2 protein chains.
Amino acid sequence: MDQNIVTQPKCSEADAVTAEMSPKRRQVVEAAETLFFANGYGAVSMDQIARTAGVSKATLYAYFPSKDALFAHIVATKGADSPLSCDLFPDDVADLRATLEDIGGRILKFMLLDRTLAIYRIALAESGRFPELGRAFYQNGPQQFATRFQTWLGHLQSQGLVKVPDLALATHQFMALMRCGVFFRRSLSLPPEPSELEINQTIAAAAETFLRAYAVNS
Amino acid sequence: MDQNIVTQPKCSEADAVTAEMSPKRRQVVEAAETLFFANGYGAVSMDQIARTAGVSKATLYAYFPSKDALFAHIVATKGADSPLSCDLFPDDVADLRATLEDIGGRILKFMLLDRTLAIYRIALAESGRFPELGRAFYQNGPQQFATRFQTWLGHLQSQGLVKVPDLALATHQFMALMRCGVFFRRSLSLPPEPSELEINQTIAAAAETFLRAYAVNS
DNA sequence: GTCTATAGGCCGATAGAC
DNA sequence: GTCTATCGGCCTATAGAC
């Protein structure tokens with residue numbers, strides 16, 4: 001089993017595009033992505049991927065040397081996109097509550113996407129046997145958000161808007177408050193589908209609790 | 001694939017004990033438990049279980065008609081024990097902070113056990129294909145704690161110790177605050193092993209944030 | 001490059017001897 | 001009850017024709 005399945009040497013942009021341009025390869029990647037994210041690693045066979053992609057298994061193995069390698073490629077290239085636009089963390093905060101709700105809302109809605117949940121489930125499930133997988137997921141997803149949020153929180157503190165004794169811990173608390181209830185339930189595939197109302201309540205409550213814990217009363 | 005894999009008709013206590021008394025069966029169950037919890041569902045074979053248990057596959061199939069059924073039995077019987085002693089939620093609370101830290105500490109340390117984490121990972125990973133699994137895990141674990149905590153929180157409120165507009169939501173927030181940081185990292189199999197200090201900081205910070213959000217200033 | 005065909009092995013599950 | 005031996009099938013991966 002390939003040990004270093006995820007952190008692979010980055011191809012140049014041109015290489016990546018060229019390689020991705022081959023239509024059969026694209027079909028393979030798309031089929032594998034769909035199937036892995038829908039069913040996990042173990043329950044998907046190379047036959048199934050080849051059939052879904054509309055190519056033969058030999059072609060599949062011409063592009064990827066093993067099932068592990070294909071899985072690693074999918075996770076490394078498709079698991080990294082998180083909704084971190086530059087304007088998500090404004091320098092000047094007029095309404096702290098509204099800003100927190102905006103940030104939290106975007107990240108919670110991203111976390112609740114079927115695709116994001118699928119990646120999370122797979123990373124968690126396979127992290128024991130593919131140690132790089134848990135690490136790659138954490139670094140590409142939660143860690144990036146946490147870093148930016150923590151920096152932003154530091155700025156807020158230097159502006160006197162909040163008083164946070166431990167920035168990293170408060171950041172993790174904010175993220176955890178977002179994961180409470182709705183996300184936890186959905187991650188276990190439990191019905192019902194969360195309503196817009198319930199999501200907004202979670203966001204509002206998280207912001208409220210965070211503010212009560214850390215906002216400076218002015 | 002057996003649809004209703006977990007919620008199976010309960011045997012009488014006597015039956016269960018009798019069935020469990022057969023030494024070969026006990027060996028099978030123990031081997032399966034170890035292997036499933038260590039490696040998940042897909043990565044474990046019936047050959048492996050039989051070999052580990054020291055019995056033949058035929059014997060294994062004499063006790064359990066299929067791999068699914070064996071898996072279901074393991075999850076149903078071994079996944080339910082949670083640390084809910086009666087005295088965990090005291091009626092009279094002298095020191096609210098200390099009590100919250102005590103409750104939170106016990107539940108966090110339980111959640112961080114390798115065995116608990118393994119069950120959590122499997123429930124989450126297989127919840128898509130075994131819908132009953134996510135439900136059973138939730139009901140036997142988090143839901144039971146949540147119910148008791150919420151009731152206890154209601155008592156605190158009627159005593160005027162806290163002001164909680166939404167008991168269920170606050171309960172989920174408390175649990176989420178416990179899952180922040182350490183648990184989230186461990187669930188993805190990420191090093192380092194959490195230190196006692198880090199665990200205690202998480203607990204203290206969760207209690208602190210919860211108190212700031214909901215405690216009544218007297 | 002892409003296919004068909006198949007190797008070689010492990011899978012879940014079973015038949016039949018004792 | 002428990003074993004040995006084995007089935008048919010699907011698995012990952014490859015050889016060889018075009």
Side-chain angles (χ1 to χ4, degrees), chain A residues 1-3 5 15-36 38-75 122 125-126 129-130 133, chain B residues 1-3 5 15-36 38-75 122 125-126 129-130 133:
Chain A
M1 180 86 57
D2 193 346
Q3 281 302 319
I5 63 158
D15 285 346
V17 169
T18 308
E20 210 73 26
M21 286 277 285
S22 164
K24 300 265 178 183
R25 190 192 152 104
R26 253 177 47 83
Q27 290 166 30
V28 167
V29 169
E30 282 173 11
E33 184 191 339
T34 305
L35 290 170
F36 278 138
N39 302 105
Y41 179 79
V44 175
S45 73
M46 293 296 256
D47 280 273
Q48 210 177 338
I49 294 171
R51 210 179 316 122
T52 305
V55 303
S56 73
K57 279 202 290 178
T59 302
L60 197 165
Y61 276 96
Y63 287 114
F64 297 96
S66 71
K67 185 182 176 184
D68 283 4
L70 176 53
F71 183 59
H73 180 263
I74 301 294
V75 173
I122 292 175
E126 308 293 341
R129 282 173 299 155
F130 297 77
L133 196 52
Chain B
M1 183 86 56
D2 193 345
Q3 282 301 319
I5 64 157
D15 285 345
V17 169
T18 307
E20 210 74 27
M21 286 278 283
S22 163
K24 300 264 178 183
R25 188 191 155 106
R26 253 176 47 84
Q27 292 165 28
V28 166
V29 168
E30 282 173 12
E33 184 191 340
T34 304
L35 290 170
F36 280 139
N39 303 105
Y41 179 79
V44 175
S45 73
M46 294 296 256
D47 279 273
Q48 209 178 339
I49 294 170
R51 211 179 317 125
T52 305
V55 303
S56 71
K57 276 206 292 180
T59 302
L60 197 165
Y61 276 96
Y63 287 113
F64 297 96
S66 71
K67 186 181 174 184
D68 282 5
L70 176 52
F71 183 60
H73 180 263
I74 300 295
V75 174
I122 291 175
E126 308 293 340
R129 282 173 300 155
F130 296 77
L133 196 52

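Values in this document were obtained by computation on a predicted structure and should not be read as measured data. A note on names: the letters A, B, ... follow the listed sequences, proteins ahead of strands, and every chain is numbered from 1.
Remark: B/Ser56 pairs with B/Thr59 by the side-chain hydrogen bond (donor to acceptor under 3.5 Å, both in side chains) rule, at least two apart or across chains. By the salt bridge (charged side-chain N to carboxylate O under 4.0 Å, His left out) test, B/Lys57 pairs with B/Asp47, sequence neighbours left out. With sequence neighbours excluded, the residues that form a side-chain hydrogen bond (donor to acceptor under 3.5 Å, both in side chains) with A/Glu30 are A/Arg26. When the ring-ring contact (aromatic ring centres under 6.0 Å, His included) test is applied to B/Phe64, the partners found at least two apart in sequence or on another chain are B/His73. The side chain to side chain contact (heavy atoms under 4.5 Å, CB included) check on A/Ala32 picks up A/Phe36, A/Ile49, A/Leu70, A/Ile74, with sequence neighbours excluded. Taking the side-chain hydrogen bond (donor to acceptor under 3.5 Å, both in side chains) definition, one finds that B/Gln27 meets it with nothing, sequence neighbours left out. Partners of A/Ala38 according to the side chain to side chain contact (heavy atoms under 4.5 Å, CB included) rule, which considers only residues two or more places apart in sequence or in another chain, do not exist here.
A rotation axis mapping the C1' atoms of four pairs onto the next four is fitted at both ends of the helix from C/dG1-D/dC18 to C/dC18-D/dG1 over five pairs, and the angle between these axes is 10° to 10 degrees.
Across the protein-nucleic acid pair, B/Arg26 atom CZ and D/dG1 atom P stand 17 Å apart, rounded to whole Å. Across the protein-nucleic acid pair, B/Phe64 atom CZ and C/dG12 atom P stand 15 Å apart, rounded to whole Å. Per the geometry, OH belonging to B/Tyr63 stands 17 Å off P belonging to C/dT14, to the nearest Å. A/Leu60 has its CG atom 12 Å from the P atom of C/dT2, to the nearest Å.
Of all heavy-atom pairs between A/Tyr63 and A/Ser22, the closest is OH-OG, 2.8 Å.
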Where protein sits on nucleotides 4-18 of chain D, one letter per nucleotide: B base, S sugar-phosphate only, - none, heavy atoms under 4.0 Å: B------SBBBB---
